[in-house]
Visitor: 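Below is one structure. I have some questions about it.
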Amino acid sequence: MKKSLLIIIVLISFRIEAQNLQLHYDFGEDRKFFTATLEMFRPDTFGFTFWFIDLDFNFPGNPRSMSAAYWEISRDFYIPGLKKIHPFEQLGFHLEYNDGFTTFQDTSHYIGAASYNSVFLSGFSFPVNVGNVSVTAQLLCRIPRGMDMPDFQFTLVWFQYMLKQKILLTGFMDLWSQDKIAEPDHKELVFQTEPQFWYLITPRIALGGEIEISHNFPVGPNGLEFMPTLGFRWEF
């Protein structure tokens, strides 16, 4: 599933607020279906709000209907007293909630459903510059529902226009810890990144796609996977 594809603080310099709709066709092994993504970013006096919804269209039938839904919503608060203290003036307090479900058809042709499990996250976000690219780093405490001990998550998010705003490079990278399914007393590391490349036909319409790269996602043991997509993006 996708993570935040709009950089949290840097985006303010491009648009005061932004919403976009994406439609991707997934070419990954055993996938071959469409995913729709709706994103919203909105700043205000106290910080900014970001959310997105992913909808997979892989339900048995022709044409395929929706088979899974995944939602993330996050809120960043400016920290009073730090706005005039360098280099902490852009340090933010981050709150986030993730949840979703998927459906499946078993060998007996019954349709079942499963939860992705809800996850609460909190921590801090801070923008850094890597060359000409602005990146937001997040260090978070991750609390999945039903787990005895909290985990950590480290996230990088980037959003960069190039070539007179004809090319948009955006995406995220996540690294987190979680309980092993077979050994709940032991932890495993999960890695996921989804770099996107967009060519802007107009200021609001773009063609491109992404490459979903993951390890141990959603649970291990699971090797390194590459799942490319072709996509359409509409900023509105």
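The structure presented is a predicted model; accordingly, all values stated were derived computationally and were not measured.
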Visitor: Classify the side-chain pair Thr155/Gln153 by whether it contains a donor and acceptor separated by less than 3.5 Å.
Guide: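 Yes, side-chain donor-acceptor contact under 3.5 Å.
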Visitor: Does this structure show an ion pair linking Arg233 with Glu235, if we count only N-O contacts that are shorter than 4.0 Å?
Guide: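 The answer is yes: the pair qualifies as a salt bridge.
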Visitor: Does the separation of the ring centres of Phe33 and Phe57 fall below 6.0 angstrom?
Guide: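 For Phe33 and Phe57, the ring centres are not under 6.0 Å apart.
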Visitor: Under 3.5 Å, is there a donor-acceptor pair between the Thr229 and Asp26 side chains?
Guide: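 There is no such pair (donor and acceptor under 3.5 Å, judged by atom type) between the side chains of Thr229 and Asp26.
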Visitor: What orientation do Tyr161 and Phe159 show, parallel under 30°, tilted 30 to 60°, or perpendicular over 60°?
Guide: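 Judged by the thresholds at 30° and 60°, the geometry between Tyr161 and Phe159 is perpendicular.
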Visitor: Quick check: are there more than 12 heavy atoms from other residues, nucleotides or ligands sitting under 6.0 Å from CE of Met66?
Guide: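 Correct, the count exceeds 12.
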Visitor: For residues Gln196 and Gln22, is any side-chain donor paired with an opposing acceptor at under 3.5 Å?
Guide: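 Side-chain D/A pair, Gln196 to Gln22: present.
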Visitor: Please evaluate residues Trp176 and Gln178 with respect to the criterion side-chain contact (heavy atoms from CB on, under 4.5 Å), reporting the C-alpha separation (whole Å), side-chain torsions for both, the decisive distance (0.1 Å), and the verdict.
Guide: CA-CA 7 Å; Trp176 73 84; Gln178 66 184 17; 3.2 Å; yes
Visitor: Verify the ring-centre separation between Phe48 and Phe50: is it less than 6.0 angstrom?
Guide: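 That pair fails the under 6.0 Å test.
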Visitor: For the pair Phe120 and Tyr97, name the ring-plane relationship: parallel under 30°, tilted 30 to 60°, perpendicular over 60°.
Guide: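 Because their plane-to-plane angle lies in the 30° to 60° range, the rings of Phe120 and Tyr97 count as tilted.
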Visitor: Please confirm whether His24 and Trp198 have ring centers closer than 6.0 angstrom.
Guide: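 Yes.
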Visitor: Has Lys166 got its NZ or CZ under 6.0 Å from the middle of the six-membered ring of Tyr199, at an angle within 45 degrees of the ring axis?
Guide: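 Judged by the rule (NZ or CZ under 6.0 Å from the ring centre, within 45° of its axis), Lys166 counts as positioned above Tyr199.
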Visitor: Using every non-hydrogen atom in the two residues, find where Asn222 and Val219 come nearest and quote the distance to one decimal.
Guide: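 Where Asn222 meets Val219 most closely, the heavy atoms are CB-O, 3.6 Å.
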Visitor: Strictly below 4.0 Å, N to O, side chains only: are Arg75 and Asp44 in salt-bridge contact?
Guide: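 Result for this pair is yes, salt bridge flagged.
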